[in-house]
Peer 1: 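Can you keep this structure in mind? I'll have questions shortly.
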Number of protein chains: 2
Amino acid sequence: MSTANSLAVEDLGSAAQRDRRKRILDATIQLASQGGFDAVQMRAVAERADVALGTLYRYFPSKIHLLVSALQREFERTETAMRERPVEGDTAAERVITALKRTTRGMQSDPQLTEALTRAFMFADASVATEIHQVGMLLTSMLTRAMYPEGHDELTEEDVAIARVIGDVWLSALVGWVTGRTSAAETGQQIEVAVRLLLRD
Amino acid sequence: MSTANSLAVEDLGSAAQRDRRKRILDATIQLASQGGFDAVQMRAVAERADVALGTLYRYFPSKIHLLVSALQREFERTETAMRERPVEGDTAAERVITALKRTTRGMQSDPQLTEALTRAFMFADASVATEIHQVGMLLTSMLTRAMYPEGHDELTEEDVAIARVIGDVWLSALVGWVTGRTSAAETGQQIEVAVRLLLRD
DNA sequence: TCTAAAATAGGAACACGTTCCACTTTGGTT
DNA sequence: AACCAAAGTGGAACGTGTTCCTATTTTAGA
């Protein structure tokens with residue numbers, strides 16, 4: 001869209017557009033935080049972001065896109081934080097467990113928000129593939145970094161496979177918790193067991 | 001509800017009620033099979049099942065309940081079939097892989113239906129906990145039976161944990177496939193890798 | 001500075017899940 | 001056989017995601 005000066009893959013447009021986008025995502029997170037998935041109503045988001053409904057749909061073509069994009073932004077924050085302050089621990093298993101539990105605890109401290117973002121993620125269809133993929137990459141990279149903190153560039157296929165399996169379990173556990181099928185403690189257990197099964201060294 | 005003669009946990013009511021329930025689930029599966037999640041519209045289900053909209057809601061309090069109940073019925077069929085013709089294979093890993101691939105292939109032969117049922121399952125909230133739990137039990141029992149075909153009654157906690165992790169991976173893989181993020185081949189790969197990581201003996 | 005194109009505002013309209021209501025039918029009890 | 005409570009019918013109505021349209025404002029380029 002903008003004629004020059006696009007930094008990379010992402011072209012965020014003018015400052016005004018970046019600002020609108022930010023306002024929309026902020027409004028989304030606020031509403032989700034207060035009332036979960038159902039409270040994120042497109043008219044409410046538009047109003048709170050001080051934007052017309054049509055504009056909201058120009059930026060995000062559906063409620064699911066909107067929520068998954070919000071998830072992506074939150075997740076990028078988490079990933080940055082984790083990169084700045086890496087987890088400690090003697091074994092890969094310990095570090096991964098610590099990293100996941102830290103993240104999980106963060107999410108569980110805002111249950112409504114987590115519910116909204118997780119449900120959106122799980123409900124997303126093919127049209128959201130791009131955003132979903134990015135979130136998946138972030139998760140995998142977070143996990144492999146916890147496995148090999150010192151920039152090992154020797155990631156075997158097995159390493160990546162393990163990270164992906166752990167990611168799957170974590171997502172399932174999160175869904176279980178979000179939908180009230182498992183307690184926070186059980187969620188932690190579930191992750192810990194899986195990691196120990198996969199990373200025994 | 002019925003005064004006497006309730007066999008067990010499930011009380012399915014009179015023959016007419018069983019028949020209505022069956023007609024509704026049949027209609028659901030037909031519509032899902034043709035057009036996926038979006039095509040399962042409550043008015044359309046009611047019409048095809050020859051039932052009033054209010055009656056449909058009396059039997060199934062929401063679209064999600066309806067679809068998850070349909071999933072449950074389908075899954076029970078699968079589980080029975082698998083019980084009658086157990087998978088063969090020398091190791092637990094082989095048998096589990098075969099069982100999952102067989103099931104996956106069955107689901108992939110009706111993509112729209114699978115999409116509808118899987119999305120409903122992932123979107124379900126706490127109010128569907130009962131049905132979800134039953135499906136989870138079916139899946140775990142299918143997996144442990146593949147792991148120990150000859151009625152081993154010595155299921156350790158680790159065995160169950162492994163089965164659960166495999167189930168999680170399978171679900172994630174299925175979601176990935178349903179939402180067009182991964183191909184059928186990749187889905188099989190993903191499952192196979194996970195099982196081999198977890199069941200190396 | 002002026003102008004055409006793009007973006008936004010504001011809001012009506014539509015679709016589908018869900019609820020509700022008035023009326024009718026059914027099935028078991030007396 | 002008459003009766004009553006439960007179940008079912010048919011359809012209106014409501015909420016929220018989504019689409020669409022016109023008028024206005026902003027932006028980029030000549």
Peer 1: Does the structure place the NZ or CZ of Lys63(B) under 6.0 Å from the centre of the six-membered ring of Phe37(B), at an angle of no more than 45° from the ring's axis?
Peer 2: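 Verdict for Phe37(B): a cation-pi partner in Lys63(B).
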Peer 1: Under 3.5 Å, is there a donor on one side chain and an acceptor on the other for His133(A) and Thr130(A)?
Peer 2: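 Result is no, nothing qualifies.
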Peer 1: Please list residues of residues 42-61 of chain A whose heavy atoms come under 4.0 Å from any atom in DNA chain D, ordered by number; otherwise none.
Peer 2: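 Per residue number, the list reads Met42(A), Arg43(A), Leu53(A), Tyr57(A).
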Peer 1: I need the CD-P distance between Gln41(B) and dT18(C), as an integer number of Å.
Peer 2: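 One finds 12 Å between P of dT18(C) and CD of Gln41(B), rounded.
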Peer 1: Could you tell me the separation between the CZ atom of Arg20(A) and the P atom of dA6(C), rounded to a whole number of Å?
Peer 2: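 Result: 17 Å.
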Peer 1: In whole Å, what is the span from the CD atom of Gln17(B) to the C1' atom of dT25(C)?
Peer 2: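 Going from CD in Gln17(B) over to C1' in dT25(C) covers 14 Å.
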Peer 1: Which whole-number value in Å describes the distance from Phe123(A) CZ to dG17(D) P?
Peer 2: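 Those two atoms, CZ and P, are 12 Å apart.
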Peer 1: Might you point out which heavy atoms bring Leu198(A) and Leu197(B) nearest each other, and give the distance in Å?
Peer 2: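 Looking at all heavy atoms of both residues, the shortest contact is CD2-CB, 3.8 Å.
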Peer 1: Distance only, no hydrogens: is a donor on one side chain within 3.5 Å (strictly under) of an acceptor on the other, for Thr182(B) and Gln190(B)?
Peer 2: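 Looking only at side-chain atoms, Gln190(B) and Thr182(B) do not form any donor-acceptor pair under 3.5 Å.
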Peer 1: Which whole-number value in Å describes the distance from His65(A) NE2 to dG17(D) C1'?
Peer 2: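 These atoms are roughly 14 Å apart.
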Peer 1: In this structure, how many angstroms lie between the P atom of dG8(D) and the CD1 atom of Ile24(B), rounded?
Peer 2: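 Taking CD1 of Ile24(B) and P of dG8(D), I get 8 Å after rounding.
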Peer 1: Rounded to whole Å, please give me the gap between NZ in Lys63(B) and P in dT18(C).
Peer 2: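 It is 8 Å, rounded to the nearest whole Å.
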Peer 1: On DNA chain C, does the nearest nucleotide to Ala16(B) precede the nearest nucleotide to Val40(B) from the 5' side, or the other way round? Give the residue.
Peer 2: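 Upstream on the strand: Val40(B).
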Peer 1: Mind checking whether Leu67(A) and Phe123(A) have side chains closer than 4.5 Å, heavy atoms only?
Peer 2: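 A side-chain contact under 4.5 Å is absent here.
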Peer 1: Map Phe37(A) and Arg23(B) onto DNA chain D by nearest heavy atom, then report which one ends up closer to the 5' terminus.
Peer 2: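 With Phe37(A) and Arg23(B) compared, the 5'-side residue is Arg23(B).
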Peer 1: Between Arg196(A) and Glu192(A), does at least one N-O distance fall below 4.0 Å, as a salt bridge requires?
Peer 2: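 So Arg196(A) pairs with Glu192(A) through a salt bridge.
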